[in-house]
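Naming: A, B, ... by sequence-line order, numbering from 1 per chain.
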Protein chains: 2
Amino acid sequence: MSEPDVFAALSNPVRREILLQLRKGPRAVNDLASGFNLGRPAVSEHLQVLRKAKLVREEPRGRERYYHLDPRPLSEVDDWLKAFTHYGKQRLAALEDVLDEESRK
Amino acid sequence: MSEPDVFAALSNPVRREILLQLRKGPRAVNDLASGFNLGRPAVSEHLQVLRKAKLVREEPRGRERYYHLDPRPLSEVDDWLKAFTHYGKQRLAALEDVLDEESRK
DNA sequence: TTGATGTGTCGGAAGTTTCCGACGTATCAA
DNA sequence: TTGATACGTCGGAAACTTCCGACACATCAA
């Protein structure tokens with residue numbers, strides 16, 4: 001059993017696409033799977049990873065399961081990124097000076 | 001040979017920590033490796049992944065190599081996240097209604 | 001030069017991820 | 001009830017990741 005790891009959940013392009021799709025509204029598994037060049041078990045397993053990362057929530061409707069997006073764990077990634085966006089214009093400018101100097105050759 | 005994949009590069013906690021460390025300034029490989037419970041080859045290989053994702057730049061200084069942070073590819077992640085932060089207060093509010101309703105049991 | 005240091009990379013081991021077919025279970029329609 | 005549908009999950013294959021020791025090479029100090 002693995003821990004809920006948001007970064008790891010986002011490392012797969014299929015899972016990122018699933019999350020993007022779910023922005024438009026909840027979707028059943030077969031419906032989702034038909035949009036990928038993948039079998040249903042694979043999509044089901046990607047959904048399991050997203051579920052463990054708490055990025056999706058499942059809602060049973062009859063014999064289908066609608067998956068809903070829960071974007072809240074993405075704030076962990078956003079917070080991590082902030083450590084770099086607030087990383088100081090001065091150092092960024094200095095870096096770009098160096099890169100400019102290199103490209104001048 | 002693998003493509004430069006920023007999301008995949010961030011999926012490993014050691015690599016994320018390396019990037020955080022490099023905010024404070026460039027570091028040589030042995031210097032970096034001493035901060036982890038890891039051998040030098042492992043750190044060197046993590047740096048290779050970060051290099052392919054263009055998140056770091058190497059600067060040879062004598063027999064050492066100083067690695068510099070280049071945070072610019074992180075904007076790809078930031079842009080991707082924006083698709084969710086601008087994902088509409090109305091849907092988020094609706095989601096939280098549902099979650100509240102569930103927790104009321 | 002010789003010897004020590006800093007680094008990249010290869011070969012291989014161990015673990016993890018990704019995918020599929022097959023199966024079991026629940027639900028629905030008739 | 002019977003048959004079809006929707007889904008989760010298991011077993012296993014293939015590919016990838018992560019790590020290490022060993023080695024090669026360049027640089028420095030003497």
Using a heavy-atom cut-off of under 4.0 Å over every strand shown, decide if B:L47 touches base, sugar-phosphate, or nothing.
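The answer is nothing, as B:L47 stays clear of every strand by at least 4.0 Å.
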Heavy atoms under 4.0 Å, any strand shown: does A:Y67 hit a base, just sugar-phosphate, or nothing?
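Contact class for A:Y67: sugar-phosphate only.
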For B:G39 and A:P41, find the nucleotide of DNA chain D closest to each by heavy atoms; which residue's nucleotide sits nearer the 5' end?
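Its nearest nucleotide being more 5', the pick is A:P41.
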Has the side chain of [X] got a donor or acceptor atom sitting under 3.5 Å from an opposite partner on the base of [N]?
X: A:E64; N: C:dC28; result: no
X: A:E58; N: D:dC7; result: no
X: A:R40; N: C:dG21; result: no

Counting just side-chain N and O atoms, does B:H46 come under 4.0 Å of either OP1 or OP2 of D:dC19?
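For D:dC19, OP1 or OP2 has a side-chain N or O of B:H46 closer than 4.0 Å.
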Using heavy atoms to find the nearest nucleotide of DNA chain C for B:S44 and A:R61 separately, return the residue whose nucleotide is more 5′.
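The 5'-side residue here is B:S44.
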Heavy-atom nearest nucleotide on DNA chain C for A:G62 versus A:N12: which residue maps closer to 5'?
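Going by which nucleotide is closer to the 5' end, it is A:N12.
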Nucleotide [N], atom [atom2] - distance to [atom1] of [X] in whole Å:
X: A:I18; N: C:dC19; atom1: CD1; atom2: C1'; value: 13 Å
X: A:L38; N: C:dG21; atom1: CG; atom2: P; value: 11 Å
X: A:Q48; N: C:dC20; atom1: CD; atom2: C1'; value: 16 Å
X: B:R65; N: D:dC25; atom1: CZ; atom2: P; value: 15 Å
X: A:K52; N: C:dT16; atom1: NZ; atom2: C1'; value: 13 Å
X: B:F36; N: D:dT18; atom1: CZ; atom2: P; value: 14 Å
X: A:E59; N: D:dG8; atom1: CD; atom2: P; value: 13 Å
X: A:R51; N: D:dG8; atom1: CZ; atom2: C1'; value: 8 Å

Return the nearest nucleotide to the side chain of [X]; candidates are [options].
X: B:N30; options: D:dG8, C:dG6, D:dT18; value: C:dG6
X: B:E45; options: D:dC7, C:dC10, C:dC19; value: C:dC10
X: A:R63; options: D:dT9, C:dC28, C:dC10; value: C:dC28

Rounded to the nearest 0.5 Å, what's the gap from CD on A:Q21 to CZ on A:R16? Could you check?
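Between A:Q21 CD and A:R16 CZ, I get 13.5 Å after rounding to 0.5 Å.
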Working to the nearest 0.5 Å, report the span between CD of A:E58 and CD of A:E64.
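One finds 13.5 Å between CD of A:E58 and CD of A:E64.
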Shortest non-hydrogen separation from B:L74 to A:F84 and the atoms involved
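Taking B:L74 first and A:F84 second, the nearest heavy atoms are CD1-CG, 3.5 Å.
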Does CG in A:D79 sit with more than 12 non-hydrogen atoms of other residues, nucleotides or ligands closer than 6.0 Å?
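Check passes, neighbour count above 12.
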Can you find a heavy atom in the side chain of B:W80 that is under 4.5 Å from one in the side chain of A:L20?
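Side-chain contact under 4.5 Å: yes.
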